2 protein chains.
Amino acid sequence: MTVNKSAHSFDKARLEALLNRRFFYAPAFEIYGGVAGLYDYGPPGSALQANIIAEWRRHFIVEEHMLELDTTIMTPAPVFETSGHVARFADWMVKDTKTGDVLRADHLVGGVLEARLAGDKEARGQSATLAKEDDKKKKKKVKTTAVKLEDDVVKEYENILAQLDNYSGPELGELCRKYNITNPDTGNEVGEPQQFNLMFASSIGPTGQHPGFLRPETAQGHFLNFSRLLEFNNGRVPFASAHIGKSFRNEISPRAGLLRVREFTMAEIEHYVDPEDKKHDRFREVRDVKLALLDRHVQSAGRTDITHMTVGDAVDKGVIANETLGYFLARVQMFLLKIGIDPARLRFRQHMANEMAHYATDCWDAEIQNSYGWTECVGCADRAAYDLTVHSAKTGHPLVVRQALKEPIVTEKLVPEFNKKTFGKTFARDTGLLQKFIGDMTEEELTKLQGELAQGQTIVSVDGREFTITSDHLTIECKMFKQSIREFTPNVIEPSFGLGRILYILLEHSFWCREQDIERGILSLPPVIAPTKVLIVPLSAREEFDPLVREVSLKLRKAGVYSRVDDSNTSIGKRYARNDELGTPFGLTLDFASVAKRTMTLRERDTTGQLIGDIDKVIEVVTELVQGSMTWSEATKILPAYDGSFRHER
Amino acid sequence: MTVNKSAHSFDKARLEALLNRRFFYAPAFEIYGGVAGLYDYGPPGSALQANIIAEWRRHFIVEEHMLELDTTIMTPAPVFETSGHVARFADWMVKDTKTGDVLRADHLVGGVLEARLAGDKEARGQSATLAKEDDKKKKKKVKTTAVKLEDDVVKEYENILAQLDNYSGPELGELCRKYNITNPDTGNEVGEPQQFNLMFASSIGPTGQHPGFLRPETAQGHFLNFSRLLEFNNGRVPFASAHIGKSFRNEISPRAGLLRVREFTMAEIEHYVDPEDKKHDRFREVRDVKLALLDRHVQSAGRTDITHMTVGDAVDKGVIANETLGYFLARVQMFLLKIGIDPARLRFRQHMANEMAHYATDCWDAEIQNSYGWTECVGCADRAAYDLTVHSAKTGHPLVVRQALKEPIVTEKLVPEFNKKTFGKTFARDTGLLQKFIGDMTEEELTKLQGELAQGQTIVSVDGREFTITSDHLTIECKMFKQSIREFTPNVIEPSFGLGRILYILLEHSFWCREQDIERGILSLPPVIAPTKVLIVPLSAREEFDPLVREVSLKLRKAGVYSRVDDSNTSIGKRYARNDELGTPFGLTLDFASVAKRTMTLRERDTTGQLIGDIDKVIEVVTELVQGSMTWSEATKILPAYDGSFRHER
């Protein structure tokens, strides 16, 4: 059976209706009117999220022996003062000068220019469609009117949009004035952009004296524990810590469903690496993985065209800065494809200079295309030594690696050798003062002193007093020093995943309708992350099926396969259709033949193909299908096809 | 080999040193000086927590087909105003009248009386030990001085301590005055107890106009989604929702490590049940489970003695209110024992009247004894219809079950029957007004009207105007009504788990030292929750062992067994001892015999017994041991014992 998944174009309204009806997720506090940017996951959404997390753990933590952490969300203010978040983790907002409504400055500029370009296209008689859908998420939705623009204005606008993330607050204010950008809802002018800090504030303890913030990322929790982690790893780098947990950002005006929310589950990896050696010893395993890259030079030139390149080539050519960063980009892509992201709609976009977070020196976002445009789902930043350095400086607690050198480093150095007898006798109470003064001398000063003493004597002036020193008091000698420990602050490569965004886009990429039935949707989620793996469908809720249902459930549970039973009072076809909407990949039907002959049919969600066989054999096959060690087409060679219908009576 | 786990008495300092050294957990923000009540979990702690959660999911959610949720932490204030948390989720605190230091009132009273009793015992020459250790967690630690008390004062104190949770704020204030209780740190008097709300406050959105709180429990997230959950369950009760996630309580002065923290992971079940039928259809499966019970009557009498009883008996005798509550108490106990809690140190304590949370009508805590006393780890509350009712009343959104009645309820009712023709003709424009007025009449008014019409006619006065109505216009008839739908607000039984408390106490219960080596600790965690299941120990890091290490790792991973390799440069004995501290139940050693003859030894943590066999056979056995389908004593019958030492050279 062939499946035509693109028979109908993607219908977002239908998907949203399905997700709401089947309670994948819903606005939180809905019966209280809801709060923008806060969502609750229902049973299928929770299960999908739990399965994505479990696969993430296997793919990253288990596979690479990362050190998992679970750190605190409520954070005392000094931590984020040091990390720079109190001063700089902010978005630019503008206020409507008359109504006081608050808008995000970059979304306003983007939305208005976007709408003008669309109006221009309309006026020119071109279709104003997906050409620039790319960054819809970054724009405020504005109504379009057909007004033709000058050709060079069009170019200016396009150039601005390609670099929208690159503007500072004052620059965004300037753009508003230059291009007459007003609040599209009211037509009123907007004020100067002001920074709004995105962290939720609170205070800790009963006296209210300890200000705190909800963390906007898990990263600081890793860095503050660096010494303990390093010790746990026997003092060796490279290694990585990983943390899956909630973070909070008080977004100015969240829209776009799960794509921009105020509370979200992140999965973050902090990989600690020697700054002088960013090679990765498993790099050869990913060398040939092909990536779709959009580097910063292309964007700065106002373009958005993609280059397809292997990770190996990209690192060799310097497009990706080093092996470790390249390794993680490849591993991120492998993870996303494994859970069902469409490879044709995945790209890695490099941040432009001004766009980068304050702590990053380089950053590539895995962006995934969806109905809102291209959305950042995984940020891969090189945070260099920024965080460890600032926390160490602030607390006085060294956050460094001490490494025994294989070859000690030998250096030569001039050293003053005092003739204790003569020196002490000559300078009496000034001995200590003079010894300290000479001991503090630079290499250069010592060289000069050495030269002068070679002449016999010299005069040294300390605190306004002069002392005559001879070669009898002191000689300057060249000595060898051996350094066997190297101390350094590691650099940090950070892949940071927004799991809610990935979950939502996965639902979009998985959604389709059968050619013959546009009313019912299907979610083609891979078995590894599907909320329920197998649906058990007894012909009816009659008692005679109970022992078989129990037997099959139990055997599946023992095989580690999560199943559910649907014995509701409706046709088998309807029950399957309902579970197509939940993304359940396989169905097992028990009918009177099962009772009589111990056979069972197995149905596949996407093709609706059905096979039949002995109950235990079918359980064996479906277990392999769920575990991914067998494909459906292989299964069709093991079990005969079933094309009968189910007999409702003996 | 026999194991004597109680050869040394429990040494808390050693356990704490181990947990800190091996980074099970540590104070959060330690390099910033830490914040009381906030902790970070390191790699073994995170893994232990993840495994407890996974087992909890299997034991409750999967086993009972509960509907899992993941709801929002940041909650708008109106939700907690309705739920009663803004007004009543508070502890009583007192301030030192001179220094302003804040103390929790009940902890202060408890601590001081406790210390006086201990001083009395000392003065009487009795040992002042564990007699009243029970509730140490509730007391402020106070230094003891040997002062003898009157016999009746001793009795009064003991009586107060047994009911410490039962006092209101003003009563605690009275106790302070009556018994001269002052701040033990300064000797100063304390002020009147004041309520301190335990929720962390914040505000949502850029304008600061929307106050919010961090949830102190996940429960409200379940209740607000009740309609969606009920629909997901096809409208049927009973069913349960479940949620594992973080909650926050701004404790006044947290102590006692992980037992009283400001941010913690909870697992909560809300089981929705017909208030008229709290039977449970799996009750017979747990009927014979024996529980240690401490009911409210015993406590109110100032005693703490335990009754051992089966769940069946306890429900039959009315000690436990109903089957559903009893079912969950039994299931909670089964879970706690499965993950390794000592059954001799588990009891179920019923709340006293004043102690109960504002939403509860009955509550039993699973309390587990540990070095801090008896600690509440799971609360099983009957919240009745409280929450659903208040949210429904506030929002106007019905949170009810509508159930088709098997036998419709038939009722009789008086109904006005208008003679359309004559009525309309007589009353013209006033027809509607009059019909509404009569339609709104109570049963009583209709009976009166019926009587008057039987006399021929009557006068009805509406809005100050009078109308004459005759039996020609209207008759009042008795009609039968059939009600086939019953509508009710379900009751909620809530088992609520504090996972951090369970995790910590589990570590205490698992900790011991070998008779011959008090320096090294062992954590005898059951395989199901041990952070690492199997340690692979190659004789050395030499390359010739690499292929075998890879092979064994891979085969274990395929069998679903999580292993780690320790190829560090130290003796095999030291490596095993290190992993005894991490609770790793099994070890596999690869030596030159493995390379030559493909044999491998298997070591068990608690007995240190070793077996030997073919590599694949050993993998098979260890997989069964980890899965719990084989015991160690069974394994010793399958594989021969190994009592050699490991050859370091060929």
Side-chain angles (χ1 to χ4, degrees), chain A residues 22-23 26 28-32 35-36 38-43 45-47 49-50 62 65 67-76 78-79 93 102 196 200-202 204-207 210 214 221 224-225 228-229 231-232 234 246 248 250 252-253 262-263 391 395 397 557 560 562 564 568, chain B residues 22-23 26 28-32 35-36 38-43 45-47 49-50 62 65 67-76 78-79 93 102 196 200-202 204-207 210 214 221 224-225 228-229 231-232 234 246 248 250 252-253 262-263 391 395 397 557 560 562 564 568:
Chain A
R22 309 312 304 270
F23 198 11
F29 320 111
E30 200 177 15
I31 66 173
Y32 278 81
V35 176
L38 295 177
Y39 291 88
D40 290 342
Y41 288 2
S46 299
Q49 179 181 251
V62 175
H65 293 292
L67 305 184
E68 190 167 356
L69 289 171
D70 185 11
T71 69
T72 304
I73 292 170
M74 178 64 72
T75 306
V79 171
M93 65 175 183
V102 174
F196 171 68
F200 283 100
S202 188
I204 306 171
T207 56
H210 300 290
L214 301 187
L224 298 187
N225 285 302
R228 285 181 174 276
L229 290 166
E231 196 192 326
F232 194 87
N234 299 320
K246 287 230 175 164
F248 295 76
N250 196 5
I252 292 171
S253 51
R262 287 174 163 150
E263 176 177 337
H391 287 302
T395 62
H397 186 102
R557 205 190 306 159
Y562 183 57
R564 286 190 81 97
S568 60
Chain B
R22 309 312 303 270
F23 198 10
F29 319 112
E30 198 177 14
I31 66 173
Y32 278 82
V35 176
L38 295 177
Y39 290 88
D40 290 343
Y41 289 2
S46 298
Q49 179 182 248
V62 174
H65 294 291
L67 305 184
E68 189 167 356
L69 288 172
D70 185 12
T71 70
T72 304
I73 292 170
M74 178 63 73
T75 306
V79 171
M93 63 176 185
V102 175
F196 173 68
F200 282 100
S202 188
I204 307 170
T207 56
H210 300 291
L214 301 187
L224 298 187
N225 284 302
R228 286 181 173 277
L229 290 166
E231 196 192 327
F232 195 86
N234 299 320
K246 287 230 174 161
F248 295 75
N250 196 5
I252 292 171
S253 53
R262 288 175 163 149
E263 178 177 335
H391 287 303
T395 62
H397 186 101
R557 206 189 307 157
Y562 183 58
R564 287 190 79 98
S568 60

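So that the names make sense, note that chain A is the first sequence line, chain B the second, and so on, each numbered from 1. Predicted, not measured: the structure shown is a model, and the values here were computed from it.
Counting heavy-atom pairs closer than 4.5 Å to chain A, the top-ranked of the candidates B/Ile31, B/Val102, B/Ile252 is B/Ile31. Chain B forms the most heavy-atom pairs under 4.5 Å with one residue out of A/Asn225, A/Asn250, A/Thr72, and that residue is A/Thr72. When A/Ala28, A/Ala36, A/Pro76 are compared by the number of non-hydrogen pairs under 4.5 Å with chain B, A/Pro76 comes out ahead. Interface summary for chain A: among B/Ala50, B/Pro206, B/Gly42, B/Ser46, the most heavy-atom pairs under 4.5 angstrom belong to B/Pro206.
Separating the CG atom in A/Leu38 from the CE atom in B/Met74 is a distance of 8.0 Å, to the nearest 0.5 Å. The distance from atom CZ of A/Phe23 to atom CG of B/Leu229, rounded to the nearest 0.5 Å, is 5.0 Å. Atom CG of B/Asp70 is separated from atom CG of A/Asp40 by 8.0 Å, given to the nearest 0.5 angstrom.
Taking the salt bridge (charged side-chain N to carboxylate O under 4.0 Å, His left out) definition, one finds that B/Arg22 meets it with B/Glu581, sequence neighbours left out.
Using a 4.5 Å heavy-atom cutoff, the side chains of B/Tyr562 and A/Val62 are in contact. Side-chain contact between B/Leu214 and A/Leu214 is present, with at least one heavy-atom pair separated by less than 4.5 Å. A/Ile204 is listed as a side-chain neighbour of B/Val35, based on a closest heavy-atom distance under 4.5 Å. Between B/Glu30 and A/Leu224 there is no side-chain heavy-atom pair separated by less than 4.5 Å. Looking at heavy atoms from C-beta onward, A/His65 lies in side-chain contact with B/Arg564 at the 4.5 angstrom threshold.
A/Arg228 touches chain B through backbone and side chain together, each having a heavy atom under 4.5 Å away. Within the 4.5 angstrom heavy-atom criterion, atoms from both the backbone and the side chain of A/Glu68 approach chain B. Of the atoms belonging to A/Phe232, it is side-chain heavy atoms, and not backbone ones, that fall under 4.5 Å from chain B. Contact annotation for A/Thr75: both backbone and side-chain heavy atoms come within less than 4.5 Å of a heavy atom of chain B. Of the two parts of A/Phe196, only the side chain, counted from C-beta on, holds a non-hydrogen atom closer than 4.5 Å to a non-hydrogen atom of chain B. In this structure, chain B has heavy atoms under 4.5 Å from both the backbone and the side chain of A/Val79. With a 4.5 Å cut-off on non-hydrogen atoms, A/Ala47 does not touch chain B at all.
Partner of B/Tyr32 under the ring pair (Phe, Tyr, Trp, His ring centres under 6.0 Å) criterion, out of A/His397, A/His210, A/His391: A/His391 alone.
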**Request:** Could you please spell out the steps behind the side-chain contact (heavy atoms from CB on, under 4.5 Å) verdict for B/Tyr39 and A/Thr71?
**Result:** CA-CA 7 Å; B/Tyr39 290 88; A/Thr71 69; over 6 Å; no

**Full working for side-chain contact (heavy atoms from CB on, under 4.5 Å) between B/Thr395 and A/Phe29** = CA-CA 11 Å; B/Thr395 62; A/Phe29 320 111; over 6 Å; no

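In this structure, the side chain of A/Ser202 engages the main chain of B/Ala201 through a donor-acceptor pair within 3.5 Å.
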